Amino acid sequence: MVEKRNGPRHRLSNFTTCDDVVKAIRKAKNVLVVTGAGISVSCGIPDFRSDVGLYNTLDCKKIGLPCAELLFDYEFFKIDPEPFYKFCGRLIPGNIKPSISHQFIAQLEKKKKLLRNYTQNVDGIEKTMGMTNVIECHGSMDTFFCIKCNRKKKLATIVGEVLQGEVCYCICGSALKPSITFFGECLASTVLKAMDKDIHSCDLVLVVGTSLKVGGAVHELLQRLDHKIPQVLINKEAVSLPAAISDGFDVTLLGNCDDIFAHIGSSLRWKFSTTSTSTTSKAATKKSTKSSGTTTKKRKINIDTIINNDHEENAVDHNTDSVGIDKKQRVSDLSSKNQVIEVESLVPIVSPETVEISVMPPSNDKAMKALKSAERKKAAAAARKRMTKKAGRFKKGKDRVFTFTPFAY
C-alpha cells in the first residue's frame with residue numbers, strides 16, 4: 001500500500017480555466033477517469049440521486065420495499081431478496097448505444113492516453129465498446145453467486161428468471177446475488193490493487209458524472225495522488241471534497257456530461273458518433289449530422305445573373321454572395337460584364353482546416369486585386385467562424401466553477 005500524502009491537497013495555482021483542461025488532455029499520457037451514473041443517463045439509464053433519479057422515482061410499495069435506499073442494502077437482501085429481484089431486470093444491459101461521454105473515454109484509450117477508467121456503474125457499457133483499461137469498482141451483472149456457499153452462475157443461465165422478477169436460488173437453498181457491490185460490502189481487492197499501481201503514473205484526473213456520495217474509495221484515491229496532478233470535475237452539480245483531503249477540484253465544469261465532452265472534443269478535433277443521445281437541442285443534433293462528412297462543391301456563377309435575378313437556381317442573397325462579398329462592388333471592380341467565375345460553394349463543415357475557398361477570376365489585374373482585398377479576407381474569416389461554432393459556451397462562476405450552456409439553433 002502506498003502511504004497517503006501529508007496534509008490536505010491545495011488547488012494548483014496554474015490550473016484554473018477551461019483552456020487548461022483542454023491543454024492538459026491534449027498533453028496527457030496517463031489520464032485516470034472516475035465515472036458515475038451521470039454518463040449513462042442519456043443512454044436511458046437513470047442516475048440515483050437527482051430529482052428524476054432512481055431513489056426519487058422508485059415505486060417502493062410496488063416492489064415491497066420500505067425505502068429506496070434499501071434496494072442495494074446487503075443486510076436487507078439477505079433477509080428478503082424479493083424486492084431487489086423485482087427491480088434488477090432493469091439492470092441487465094440491453095441494446096444500449098454508448099453516450100458521447102463513453103465515446104470520449106474510449107477515444108482516450110484509442111489514443112493511448114487512458115491509464116484507467118474506474119467506473120462506479122454496473123451497466124457494462126464500457127465492455128460492450130471493447131474497452132480494456134476499465135475497472136468496474138462496483139462489479140457487474142455478468143455473474144451471480146450464492147450468499148451462503150459462494151457457488152457461481154452466469155447471468156446467461158438464469159436471465160429468464162431474472163427478467164421475470166423471480167428470485168434465483170442456489171442448489172443449497174440460499175438466494176443468488178449478482179456480483180455488484182451492495183452497501184455494507186467491501187470493494188473487490190482488484191480495485192485496490194489497481195489503485196496502488198495507477199497512482200504512480202497518473203498525470204491527470206477526470207471525475208465525471210458522480211456526486212461522490214459513496215465515494216470512499218475515490219476519496220482515498222484522490223488523497224493518495226501526487227498533489228501536483230491536476231484534478232477536474234465534470235458533473236451536473238458541484239461536489240465538495242472533505243477538507244481533510246483537499247480544498248476542492250482545480251477546475252469544475254458543470255452541465256450535461258455529453259455536452260461538455262462534445263465541446264472539449266471539438267476543441268481537440270475529435271469526432272464522435274451522432275447516434276448517441278444528448279441533451280443538446282434536436283435542431284443542433286440534426287445540423288451536426290447534416291454537416292458531418294460534407295465536402296465543398298464547385299459551381300459556375302454568372303455575375304450578371306446573380307445581381308439581376310434573385311430566383312435563379314444558383315442565386316444567393318441579393319446584396320452579398322456566398323462568401324459575404326458585396327456583389328455590386330465586385331462587379332464595379334471588374335472590367336467587363338457577363339464574366340463567369342468559378343466559386344467553391346461554402347457548405348457546413350467540421351473544422352476550419354477543411355475550408356477551401358477558391359475564387360478564380362479572369363486574367364484581370366484589377367479584378368485580382370479586388371478579390372484579394374481585405375474586405376474579402378474578413379468576410380471569408382467570418383464565414384469560417386460561423387460554420388465552426390462550438391456546441392455551447394462556458395460561463396465563468398465563482399471559485400473556478402464554469403457552467404456549460406449549449407447553444408439552441
Side-chain angles (χ1 to χ4, degrees), residues 9-26 28 31 33-43 45-53 56 99-105 107-108 120 204-213 215 218 222 230-243 245-270 272 276-285 287-288 385 388-409:
R9 175 185 182 272
H10 298 291
R11 290 184 295 182
L12 303 177
S13 59
N14 60 344
F15 196 97
T16 61
T17 68
C18 306
D19 289 340
D20 290 332
V21 176
V22 175
K23 291 176 183 177
I25 294 175
R26 182 178 288 116
V31 183
V33 184
V34 178
T35 53
I39 72 167
S40 296
V41 170
S42 63
C43 302
I45 302 173
D47 60 8
F48 289 90
R49 292 176 174 80
S50 70
D51 293 338
V52 293
N56 289 317
S99 67
I100 290 179
S101 300
H102 290 109
Q103 293 181 57
F104 187 94
I105 299 168
Q107 284 273 19
L108 288 175
Q120 298 174 319
L204 175 65
V205 177
L206 302 179
V207 178
V208 187
T210 174
S211 63
L212 294 182
K213 295 291 185 181
V218 179
L222 296 177
Q231 299 181 7
V232 180
L233 173 71
I234 299 175
N235 197 42
K236 192 174 182 179
E237 297 175 349
V239 175
S240 299
L241 295 173
I245 294 178
S246 170
D247 57 7
F249 291 95
D250 296 307
V251 175
T252 295
L253 306 180
L254 299 183
N256 177 271
C257 296
D258 289 346
D259 291 336
I260 292 174
F261 275 129
H263 183 86
I264 294 175
S266 175
S267 300
L268 295 168
R269 314 282 187 197
W270 293 3
F272 306 104
S276 295
T277 307
S278 174
T279 59
T280 308
S281 66
K282 292 182 180 180
T285 305
K287 183 175 181 180
S288 174
K385 186 176 181 180
T388 56
K389 272 187 176 179
K390 301 294 184 183
R393 65 181 177 182
F394 284 103
K395 182 178 179 181
K396 186 177 181 180
K398 296 181 180 180
D399 207 23
R400 305 188 188 187
V401 175
F402 301 83
T403 302
F404 185 80
T405 304
F407 292 139
Y409 293 98

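Basis for what follows: all heavy atoms, side chains included, without hydrogens, waters or symmetry-related copies. Since the model is a prediction, treat every value here as computed from it, not as a measurement.
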Report summary line: Between Leu222 and Gln231 the two heavy atoms that sit nearest each other are O-NE2, 3.7 Å
Report task. Could you pull out all residues at least two apart from Thr210 that satisfy side chain to side chain contact (heavy atoms under 4.5 Å, CB included)? Result -> Gln120, Val207, Leu212
Query raised in the report: What distance do Lys236 atom NZ and Cys257 atom SG have between them, rounded to the nearest 0.5 Å?
Result: 9.5 Å
Query raised in the report: Atom CZ of Arg11 and atom CG of Leu241: how far apart are they, to the nearest 0.5 Å?
Result: 10.0 Å
Query - Beyond-backbone contact of Arg400 with Thr252, side-chain heavy atoms, under 4.5 angstrom - result: no
Query raised in the report: Picking from Leu204, Val232, Ile260, Ile234, what satisfies side chain to side chain contact (heavy atoms under 4.5 Å, CB included) with Val21?
Result: Val232
Query raised in the report: What pair of heavy atoms forms the shortest contact from Ser267 to Val22, and how long is it?
Result: CB-CG1, 4.0 Å
Query - Nearest heavy atoms of Ile100 and Ala262, plus distance in Å - result: CG2-N, 4.0 Å
Report task. Considering only NZ, NE, NH1 and NH2 on the basic side and carboxylate oxygens on the acidic side, decide whether Arg9 and Asp250 come within less than 4.0 Å. Result -> yes
**Report entry** Residue pair Val205 / Val33, side-chain heavy-atom distance below 4.5 Å
**Finding:** no
Query - For Asp259 against Phe404, the heavy-atom pair lying closest together - result: CB-CE2, 3.5 Å
Report task. Specify the closest pair of heavy atoms between Ser101 and Asp258, including all atoms of both residues, with the distance to one decimal. Result -> OG-OD1, 2.7 Å
**Report entry** Stepwise side-chain contact (heavy atoms from CB on, under 4.5 Å) check, Glu237 with Leu254
**Finding:** CA-CA 6 Å; Glu237 297 175 349; Leu254 299 183; 5.5 Å; no
Query - Heavy-atom pair with the smallest gap, counting every atom of Asp20 and Phe15 - result: O-CE1, 3.5 Å
**Report entry** Side-chain donor-acceptor contact under 3.5 Å, His263 with Ser266
**Finding:** no
**Report entry** Non-hydrogen side-chain atoms of Ile39 and His102 separated by less than 4.5 Å
**Finding:** yes
Query - ring pair (Phe, Tyr, Trp, His ring centres under 6.0 Å) involving Phe261 - partner list, sequence neighbours excluded - result: Phe104
Query raised in the report: Stepwise, does the side-chain contact (heavy atoms from CB on, under 4.5 Å) test hold for Val31 with Leu206?
Result: CA-CA 7 Å; Val31 183; Leu206 302 179; 4.1 Å; yes
**Report entry** Side-chain heavy atoms of Leu108 within contact of Ile25, under 4.5 Å
**Finding:** yes
**Report entry** Any Leu233 side-chain heavy atom under 4.5 Å of Val251 side chain
**Finding:** no
Report summary line: Hits for side chain to side chain donor-acceptor pair (under 3.5 Å) against Thr16, two or more places apart or cross-chain, chain-then-number order -> none
Requested in this report: Quick one: do Val208 and Val34 satisfy side-chain contact (heavy atoms from CB on, under 4.5 Å)? Show the steps, please.
Outcome: CA-CA 6 Å; Val208 187; Val34 178; over 6 Å; no
